[in-house]
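What follows is one structure encoded as structure tokens, with my remarks underneath.
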Amino acid sequence: MWTNIIIAIAVLLGLAAVFGALLGFAAERFKVEGNPLVDQIDALLPQTQCGQCGFPGCRPYAEAINNGEAINKCPPGGEATINALADLLDVEPQPLDAEHGAAQAKRVAVIREDECIGCTKCIQACPVDAILGAAKHMHTVIESECTGCDLCVEPCPVDCIDMIVIEPDIRSWIWAPPVVLDKAPNEEPSATDARVIATDSQAETREASLL
Amino acid sequence: MATKTSREIIRDGLWSNNPALVQVLGLCPLLAVTSTVVNALGLGLATLLVLMGSNLAVSLIRNFVNESVRLPAFVMIIASFVTCAELLMQAYTYELYQILGIFIPLIVTNCAILGRADAFASRNPPGLALLDGAMMGLGFLAVLVVLGAMRELIGQGTLFADMHLLLGPVAAEWTLRPFADYPNMLFMMLPPGAFMGLGLLIALKNVIDSRIEEKRKAAQVETVSAGSKRVRVTGSLS
Amino acid sequence: MATMAQSISRSAIGLGLFAVITGGTIALTQAVTKERIAEQAARAEAAALFEIIPESAHNNDMLNDTISLPDAAVLNSGETPSAWVARQQSDLVGFIIPVTATDGYSGDINLLVGITPSGELLGVRVTGHHETPGLGDRIDTGKSDWVYQFNGHSLANTPGKQWNVKKNGGEFDQFTGATITPRAVVKAVHKTLVYVREHQAEIRQSLGLPLDRGNRKQRSAVASHLPEPEH
Amino acid sequence: MTQLWSFGGGVHPPENKSQSSSRPIRPAGLPAKLILPLQQHIGEPARCIVEPGQKVLKGEVIAQVGNGMGVPVHAPTSGIVERISLEPVPHPSGMSDTCVVLIPDGEERWCELVPQPEYRKLERVQVLALIRQAGIVGLGGAGFPTNIKLRPSVDRKVDTLILNGAECEPYITADDMTMREKADQMMAGLRIMAWLLRPARVVIGIEENKPEAIAALRQAAEGSKTEIAVIPTIYPSGGEKQLIQILTGQEVPSGGIPADIGVMCQNIGTAVAVADAILQGKPLISRVMTATGEALAEPGNFEVLVGTPARHLLTCAGVDKQRMSRLVLGGPMMGYTLPNTDIPLIKTSNCVIAASASELPAPAPEQPCIRCGQCAEACPMELLPQQLFWHAKATEFDKAEHLNLFDCIECGACSYVCPSSIPLVQYYRFAKGEIRLQRAEQQKSDRARVRFEARQQRLDREQQEKDQRRKDRALAAAKAQEQKTADAQTRVQDGTVTDERAGKSALVEQALARKRAKAAGASAERTEPSTQLSEEAAPSETFTPEHADKIPAAETAPSIEELEQQLTQAQTKLEKMQSMLEDAHSGQAPNVDKLERAVDKNIERVRHAQRAIDDAQQQAVPANGNAEPALSRTNY
Amino acid sequence: MSEYLLILVSTILVNNFVLVQFLGLCPFMGVSSKLETAMGMSLATTFVLTLSSVCSYLAYTYLLEPLNLAFLKTITFILVIAVVVQFTEMVVRKTSPLLYRVLGIFLPLITTNCAVLGVALLNLNRNNNFVESLLYGFGAALGFSLVLIFFAAMRERIAVSDVPVAFRGAAIGMVTAGLMALAFLGFTGLVSV
Amino acid sequence: MALVQQSSPHAHRARPTARVMLWVIIAAVPGLLAQTVFFGWGNLINVVWCIALALATEAAILKWRSKPVGFFLKDNTAAVTGLLLGLSLPQFAPWWVSAVAVFSAIVVAKQLYGGLGSNPFNPAMVGYALVLISFPLAMTTNWAAPVGLWQDAPGFGETLSTIASGQQTAVDGWTMATPLDEYKHKVGSHTAAEITVHPTFGSFVARGWEWVNAAFLAGGLVLLALRIISWHIPVGFLGGLVAMSLLFGTNADQYAPLSLHLLAGGTMLGAFFIATDPVSAATSHQGKLIYAVGIGALVYLIRSWGNYPDAVAFSVLLMNFAVPFIDYYTPPRTYGHHKARRGLPTRKQG
Ligand SMILES: Cc1cc2nc3c(=O)[nH]c(=O)nc-3n(C[C@H](O)[C@H](O)[C@H](O)COP(=O)(O)O)c2cc1C
Ligand SMILES: Cc1cc2nc3c(=O)[nH]c(=O)nc-3n(C[C@H](O)[C@H](O)[C@H](O)COP(=O)(O)O)c2cc1C
Ligand SMILES: Cc1cc2nc3c(=O)[nH]c(=O)nc-3n(C[C@H](O)[C@H](O)[C@H](O)COP(=O)(O)O)c2cc1C
Ligand SMILES: Cc1cc2nc3c(=O)[nH]c(=O)nc-3n(C[C@H](O)[C@H](O)[C@H](O)CO)c2cc1C
Ligand code: SF4
Ligand code: SF4
Ligand code: SF4
Ligand code: SF4
Ligand code: FES
């Protein structure tokens with residue numbers, strides 16, 4: 001009996017030692033550094049650089065995600081970003097973590113120029129260098145570069161920076177998806193509903209005028 | 001990762017992170033051997049024992065494993081437990097062993113076990129690991145048995161048939177036949193029934209969860225303060 | 001290079017250590033359970049045999065008391081199949097022959113046919129089949145009592161024409177909706193009996209029985225050669 | 001006979017053309033006011049060059065080409081500019097855009113016109129400039145500036161010039177009537193285009209359901225090499241790509257333009273406009289439009305001034321408002337609905353349908369797609385509409401794009417046949433819009449990333465430099481102890497620095513002074529709202545404003561720790577401000593008043609923060625015994 | 001020759017590993033939400049399954065059997081598999097980052113794919129010889145890949161359907177797998193092995 | 001009065017889904033009549049029972065899902081599902097077999113996936129296959145013998161009471177193995193001549209069955225003429241079957257003859273009414289051909305070597321399973337493109 005046991009152990013030991021050596025060899029021989037995934041994750045983040053995720057900027061959050069951080073902490077990205085991340089990482093999308101704030105309409109910062117004292121605080125705060133101005137001169141936000149992170153609002157000693165919601169205009173307008181009736185529970189569609197279903201952008205207002 | 005309290009571990013294993021219903025792991029035995037309660041119970045018990053053992057063992061050695069051989073080492077631990085279980089079943093419940101067949105050695109590759117070893121046991125102290133193993137195992141066992149009962153009942157109109165294979169002659173008379181003259185719904189005994197049965201159980205759990213969630217929502221007001229986790233990206237506020 | 005060697009040796013030793021522990025555990029368990037397992041395995045193998053000839057009805061080590069069957073190609077059960085022999089003291093109780101019916105509904109049906117020295121059926125059991133659940137699988141004792149009806153039949157008391165399902169004018173019940181399976185089983189059992197009759201000389205010899213007595217009896221029993229049953 | 005090819009798909013909806021084609025083209029006359037959007041074409045909006053109250057002559061330019069691609073806008077009649085304002089324009093969004101509102105004076109006084117009957121003696125570029133100056137855009141639908149289209153890049157030689165007279169949409173007969181009544185003008189315009197392009201082949205494609213127009217064209221084209229190709233009546237044979245396929249058998253490559261395969265397609269109305277512009281010098285100020293539909297007593301075609309409100313045209317055609325349930329601008333397949341009749345008609349408007357409820361009934365409610373494939377059979381672009389629909393609906397835009405969503409011409413054939421009455425086209429439009437939006441955002445975020453990273457690098461560099469300097473300084477200081485002579489030098493350096501600063505602040509002072517003088521009147525107004533603002537903000541001032549707008553009203557109080565943090569922040573800010581104020585006082589800086597305001601504000605802030613903490617602690621104590629350590633910590 | 005063909009038909013269709021034999025279900029459910037990843041998984045599994053089927057056959061026939069150590073088969077096989085998987089992963093990662101991007105994250109998962117160990121054990125049960133083991137492993141992998149890829153394509157479609165909330169995700173996946181298994185029952189009897 | 005606002009197009013061709021489905025039902029009537037003439041009242045009773053049950057089940061589950069019930073019931077698709085089940089179940093199938101089939105068709109195969117348009121598998125065939133494997137006895141023994149061969153022909157009432165009695169098997173003299181079943185089990189051990197003496201084969205191909213198939217073919221041609229179905233699927237299906245049959249030879253002693261394949265069992269019903277279910281079939285023309293040829297080939301394969309005498313249901317389900325994948329790789333070539341874009345969108349890399 002004991003010989004049998006010893007043979008068994010010896011065989012397994014032999015196998016394991018060989019395999020272990022092989023793996024040890026491979027681990028050293030085929031070592032790689034760096035992770036391309038971070039770049040891919042970073043590419044999906046909105047680059048607002050607002051820090052709401054709890055990381056100083058999008059890239060740090062991308063790195064954190066790569067290390068297992070939850071993907072639902074970026075309010076500017078909102079659902080779209082979460083879905084894209086879920087898709088990339090092949091995990092289930094989760095709803096936005098409320099602790100990090102809610103998704104908001106896109107905004108830009110606008111400085112009320114005559115109140116600005118030129119303290120340059122906002123320049124220091126802006127993560128993308130979208131504010132122009134020299135010390136003691138009034139400052140301006142380059143609208144096209146502003147990410148709407150609102151990081152400049154708080155440091156301003158005279159509170160002269162406003163976050164303005166970007167309103168859609170006729171050139172940025174896009175068609176809304178049709179209103180799908182399917183969602184209305186327990187209701188038989190009537191003739192009037194028929195129009196609502198295929199209605200266009202201003203569903204709400206026009207619906208009101210119709211019904 | 002914050003360590004979990006034992007309460008959380010219990011809830012996770014049995015319900016909210018149930019290996020079968022939520023993680024959807026360990027499916028092969030889950031579906032293959034659940035045509036009757038007795039098969040399900042047999043395999044479930046074996047899995048439970050292995051899971052506890054391997055979790056404990058992995059947790060004990062968690063600080064001594066070299067990264068490059070981590071996976072093989074865990075797998076070997078699991079395999080040794082499984083082989084022991086297999087040998088014991090062969091010795092003491094031979095008929096059941098024959099019915100369960102290849103699925104006993106396949107406990108080794110039950111993803112739930114390696115998953116627990118890697119995700120939990122290798123990062124937690126032995127006590128918690130053992131508890132986790134037990135709870136995950138019980139959760140798995142419960143699903144196995146429920147699915148087994150469901151398939152047995154719908155499929156051949158009996159419950160607890162052949163329990164003597166596992167529990168000895170006392171159990172021989174336990175068979176229930178709730179419907180007289182039942183036309184066997186063979187589909188439930190075959191692979192499609194297994195899949196759909198589990199699908200149904202998962203859906204059932206979802207329904208229950210959403211009910212609970214609704215209740216909780218109704219009873220509770222949101223307390224998180226939005227945006228409280230924000231950090232400064234640029235400089236400090238001085 | 002030092003790191004390479006280090007890495008190799010560390011991994012090898014690490015994994016080796018696990019191998020020793022786990023291998024030891026397994027080997028030990030195996031050593032402890034070995035005998036019981038062997039016993040159980042043998043018992044399981046014999047279960048079907050003991051159903052046909054219960055342990056109370058014989059006292060030899062039936063599992064190891066086998067004779068080889070000559071010219072057994074018709075039985076379709078392996079290259080040189082052997083029959084198990086049951087004896088009570090020195091009396092011959094019967095023997096059990098493995099047969100395979102190849103014309104089932106789907107795939108082979110493996111049978112064990114138990115026969116008394118006088119050519120009477122002691123029992124028939126199905127050990128493996130692929131028949132449709134719910135239809136053909138009623139040849140299984142777990143599903144119905146159908147196979148028990150063979151008990152007691154012999155070539156002597158059942159003429160060759162009767163070795164068929166009732167639908168084809170035979171003696172044996174079929175199942176509703178599934179005639180193919182029972183017919184295949186009946187045919188195989190009949191074939192076995194015919195085989196035994198034809199090879200009774202060799203069989204008796206290997207059983208160590210005198211040739212004449214049985215010979216005579218059997219001959220009288222199946223005096224007229226009956227035609228193959230119609231299928 | 002011209003050889004014809006066929007294209008995949010297509011539908012044949014009831015034509016409904018005879019209602020409007022039975023009457024000759026009538027003038028629609030002068031409306032009470034004309035609303036002229038500054039953008040009636042693809043490209044940049046035109047730049048308005050008139051002011052309210054200004055008198056303009058008929059044909060005078062009132063808006064010039066802006067900085068990008070575009071054409072000018074002309075006054076369709078003489079009159080007075082009432083205002084330049086945001087008015088609802090014909091656009092599917094129903095939104096408003098900048099328009100010039102012109103009140104006609106009824107005199108119809110033309111500005112000076114310069115006809116160029118001898119255009120062949122001019123340079124081609126000059127003729128193209130004339131076409132542009134006449135404000136001509138494609139009248140077939142998209143409104144692409146015709147002069148740009150007529151000047152393909154050198155590598156794209158136009159071999160085939162196609163004149164699109166298919167007019168495949170039901171109801172519309174504007175091109176039909178134009179061809180019947182203005183065939184000669186059209187041929188003249190065609191000749192100008194052909195002279196510009198020198199194509200090897202000139203074809204006019206016309207659907208076989210317009211026999212009178214075909215006859216008129218045959219007559220007008222008599223003796224010329226122009227082919228008149230009579231094509232089968234099937235919608236959308238008038239689509240540029242489809243017509244090209246029918247007439248040449250070639251396909252316009254995806255993402256390309258017809259010129260890529262040596263073809264150009266112009267609408268016949270465009271040709272007429274070109275003839276008018278060159279031969280008579282008249283800019284594009286009116287066009288033929290169809291007014292039809294069951295709600296009209298006298299449907300027909302009208303010569304309508306650009307900018308005429310739809311109401312005027314409808315009145316000309318005898319509208320019965322009670323019967324009108326839907327007002328479509330364009331055809332029933334591709335047109336869009338107008339929310340009211342005040343919307344002006346513009347260069348690209350070719351038809352107004354005042355439909356009764358029974359004529360264009362509301363579609364049945366959308367049912368699930370049954371993948372019947374009828375839509376794919378109908379799609380002239382050979383797309384898989386149902387697949388596009390599933391992806392668009394599920395917002396899987398990349399998949400929709402992969403299935404060539406952007407090749408969809410929004411012709412509506414798929415929706416027309418769909419048994420489940422799914423507004424497919426709307427889904428595609430939505431998806432296309434979203435994709436474009438996403439692309440723009442992606443671009444912006446890429447830019448943001450670059451800027452962020454650049455800034456990060458710069459900061460790192462600066463930090464390094466600072467560290468380096470500090471090291472250097474430490475080193476220098478060590479040396480300085482040994483070499484006392486260095487002292488003097490250092491002082492000189494300091495001096496120059498102060499000088500620079502002084503110079504700068506002087507400049508700032510001047511600039512601010514100028515500004516203040518200019519804004520003197522406005523400042524009173526401005527302070528008012530700002531005080532108001534701070535009053536409003538007062539109750540919530542315990543939070544920083546940024547938090548204030550993020551936290552819903554019914555939010556529970558922030559934790560004491562947070563409040564503390566806010567307090568410290570406020571205190572630091574206050575200190576900073578105070579020191580700045582002192583600096584300013586001593587430096588006699590011009591922003592003292594502002595800084596004083598800032599200091600006041602910050603004092604207020606600190607006070608509020610303190611009060612909030614006190615409140616919170618008072619609440620916390622009875623509620624929670626554990627709050628004690630926090631209490632003791634904050635009691636300094 | 002034809003017996004080899006029958007092995008393939010049997011493993012791919014009649015006794016499909018996933019739908020009939022219930023092996024490899026976790027990756028089947030876990031990595032089938034996207035067609036692209038399913039394809040990666042299929043490729044990786046095919047490679048590892050075939051290789052480890054052969055390796056385990058060799059280990060058993062030339063090591064365990066002569067030494068009378070059949071009871072060590074499970075641990076030996078799993079060791080072989082784990083090592084094959086890990087080694088493949090390391091090599092692919094280093095040598096072909098592109099392939100690693102496709103296969104990388106799936107490779108470790110294969111260790112716990114029952115189908116891999118299942119093939120090794122079934123080879124023993126069926127007394128397969130070397131070539132048969134190879135084909136059996138390959139056929140099993142093809143069968144796995146076939147249903148995995150079809151299933152993934154189908155799940156992408158289901159994902160955009162209006163499935164009742166309780167059934168979204170894994171539950172409807174199970175039901176679909178059930179219906180697929182139902183369809184595969186049509187193959188019963190095609191090959192009687 | 002406010003003006004209607006909606007996206008173009010504003011005109012619509014009026015052939016709503018409900019009417020399409022109605023046409024399918026109408027086109028199936030000749031087949032149903034032929035079944036009634038040649039096999040008695042069984043199919044008619046089954047059809048009525050299945051349709052009623054289908055509508056009821058659909059209504060119940062829509063209610064449970066909080067969907068507008070009337071709106072969806074009016075689309076007639078549940079009725080089509082019920083109809084097709086009624087047409088394909090054995091004439092004397094007990095009522096509960098039909099009930100289980102209808103229930104699984106409507107609930108499991110259709111509504112669990114979101115209802116009309118979303119089901120990846122053909123609901124009727126899911127129902128059929130499910131009861132076939134669940135109740136093989138009831139599903140294999142209840143095929144009516146052709147009318148002329150009945151002993152003691154059952155009238156409407158007797159048929160109804162047989163079905164309603166819930167017995168697993170009907171009276172012996174009324175039922176008979178189907179020609180496909182008969183051929184399948186005798187081929188190999190008997191010659192073609194020996195097999196076809198069985199009364200179920202009649203004088204031509206398969207007594208009764210040939211006319212039923214012809215009637216379904218006629219109905220199918222109506223659907224084709226109305227452009228409710230495109231030719232690709234029936235032609236592909238029958239083509240696949242014919243091609244396999246020719247490939248494996250026309251030796252009737254070895255394999256069932258082509259005429260039997262085409263005119264017995266559910267061939268024509270399958271080719272024109274079942275494989276053509278738009279929801280679960282492939283999308284593009286090319287895809288439809290692949291899908292249908294696959295079904296045809298599988299039908300031959302399973303009929304010849306598998307366990308099931310008629311394989312339409314399984315073949316359809318198997319190819320349904322492949323449909324999403326086929327769709328991925330067979331998009332049509334779009335105008336202005338050189339080649340079709342196959343496969344998946346390549347993910348943009350960061
Ligand atoms: C799916 C299916 C499975 C079947 N399985 C069996 C079976 O396992 N055994 C059997 O004898 N007949 C089986 N049959 C029935 C045979 O096809 C055949 O109908 C029957 O055996 C002939 O019986 P009869 O001679 O009484 O008509 C099956 C039929 C079908 C359709
Ligand atoms: C965005 C856009 C860009 C175009 N660019 C060119 C161009 O560069 N050159 C050209 O000759 N035509 C150009 N065209 C004109 C098209 O070729 C086409 O003739 C015109 O859009 C009218 O087509 P439609 O009315 O069918 O939409 C462009 C059109 C659009 C919408
Ligand atoms: C579906 C569809 C149908 C069209 N039908 C016509 C038509 O009937 N007549 C026409 O002139 N342009 C029609 N167009 C516009 C042409 O594609 C093309 O823009 C026009 O002929 C170019 O000429 P233009 O630049 O002079 O407008 C249609 C466009 C689309 C997308
Ligand atoms: C030509 C055609 C064939 C159909 N075939 C079937 C069928 O075989 N099975 C079925 O359940 N429904 C069928 N339907 C109805 C409907 O499409 C089906 O119920 C949907 O699958 C439900 O989502 C068919 C409908 C049409 C138009
Ligand atoms: S929360 Fe802000 S910083 Fe964080 S990832 Fe989103 S945009 Fe970037
Ligand atoms: S922080 Fe405020 S005051 Fe200072 S420069 Fe910016 S906008 Fe001006
Ligand atoms: S026509 Fe409508 S229902 Fe038919 S496939 Fe297209 S979108 Fe779906
Ligand atoms: S709208 Fe687009 S998808 Fe629909 S038929 Fe026209 S081109 Fe095809
Ligand atoms: S249990 Fe089999 S693969 Fe997970």
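Every chain is numbered from 1 and lettered A, B, ... according to where its sequence line falls, protein lines coming before strand lines. For clarity, every value in this text was computed on a predicted model and none was experimentally measured. Because only heavy atoms are used, hydrogens play no part in the values below, and waters and symmetry mates are left out as well, while side chains stay in.
Neither the backbone nor the side chain of D:Asp446 comes within less than 4.5 Å of any heavy atom of chain F. If you measure heavy-atom distances from D:Glu359 to chain F, you find no contacts under 4.5 Å at all. For D:Val252, the parts sitting under 4.5 Å from any heavy atom of chain F are the backbone and the side chain alike. No part of F:Arg19 comes within reach of chain D, as not one of its non-hydrogen atoms sits under 4.5 angstrom from that chain. Contacts of D:Pro253 with chain F are made by both backbone and side-chain atoms, with heavy-atom separations under 4.5 Å. F:His285 touches chain D through its side chain: at least one heavy atom from C-beta onward sits under 4.5 Å away, while N, CA, C and O do not. Neither the backbone nor the side chain of D:Ile353 comes within contact range of chain F; no heavy atoms are under 4.5 Å apart.
For the set D:Gln250, D:Met333, D:Gln242, the count of heavy-atom pairs under 4.5 angstrom toward chain F peaks at D:Met333. If you tally non-hydrogen atom pairs under 4.5 Å between each of F:Ser230, F:Pro278, F:Gly114 and chain D, the highest count goes to F:Pro278. Contacts with chain D were tallied for F:Val279, F:Thr283, F:Ile228; F:Val279 has the most, counting heavy-atom pairs under 4.5 Å.
The number of heavy-atom neighbours closer than 6.0 Å to OH of D:Tyr336, taken from other residues, nucleotides and ligands shown, is above 12.
Annotation for D:Ser420 and F:Thr17: closest pair OG-OG1, 3.0 Å, computed over non-hydrogen atoms. D:Val425 and F:Pro9 get closest at one heavy-atom pair: CG2-CD, 4.0 Å. The minimum heavy-atom distance linking D:Tyr416 with F:Ala11 is given by the pair CD1-O, 3.2 Å.
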Test side-chain contact (heavy atoms from CB on, under 4.5 Å) applied to D:Leu338 and F:Leu3, step by step: CA-CA 8 Å; D:Leu338 298 179; F:Leu3 296 171; 5.7 Å; no
Test side-chain contact (heavy atoms from CB on, under 4.5 Å) applied to F:Ser7 and D:Phe430, step by step: CA-CA 11 Å; F:Ser7 167; D:Phe430 153 70; over 6 Å; no
Worked verdict on F:His12 versus D:Leu360 for side-chain contact (heavy atoms from CB on, under 4.5 Å): CA-CA 8 Å; F:His12 293 274; D:Leu360 295 180; over 6 Å; no
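No donor-acceptor pair closer than 3.5 Å links the side chain of F:Tyr335 to the backbone N or O of D:Gly8. Within the 3.5 Å criterion, the main-chain N or O of F:Gly336 finds a donor-acceptor partner in the side chain of D:Glu251. Under a 3.5 Å cut-off, the side chain of D:Thr337 and the backbone N or O of F:Gln6 do form a donor-acceptor pair. Judged by distance alone, with hydrogens and angles left aside, the side-chain atoms of F:His10 form a donor-acceptor pair with the main-chain N or O of D:Gly335 at under 3.5 Å.
Under the 3.5 Å distance criterion, with hydrogens and angles disregarded, a donor-acceptor pair is assigned to the side chains of D:Gln374 and F:Arg13. Side-chain atoms of F:Thr334 and D:Asn404 form a donor-acceptor pair, as typed in the model, at a separation below 3.5 Å. In summary, the side chains of F:Ser8 and D:Arg429 do present a donor paired with an acceptor at a separation below 3.5 Å, with no hydrogens or angles considered.
Using a 4.5 Å heavy-atom cutoff, the side chains of D:Cys372 and F:Val20 are not in contact. Taking the side chain as every heavy atom from C-beta outward, D:Glu382 and F:His337 never approach each other to under 4.5 Å. Between F:Phe71 and D:Gln367 the shortest side-chain heavy-atom distance falls below 4.5 Å.
From F:Asp277, atom CG reaches atom CD1 of D:Ile370 across 8.5 Å, with rounding to the nearest 0.5 Å. Atom NZ of D:Lys399 is separated from atom OH of F:Tyr328 by 3.5 Å, given to the nearest 0.5 angstrom.
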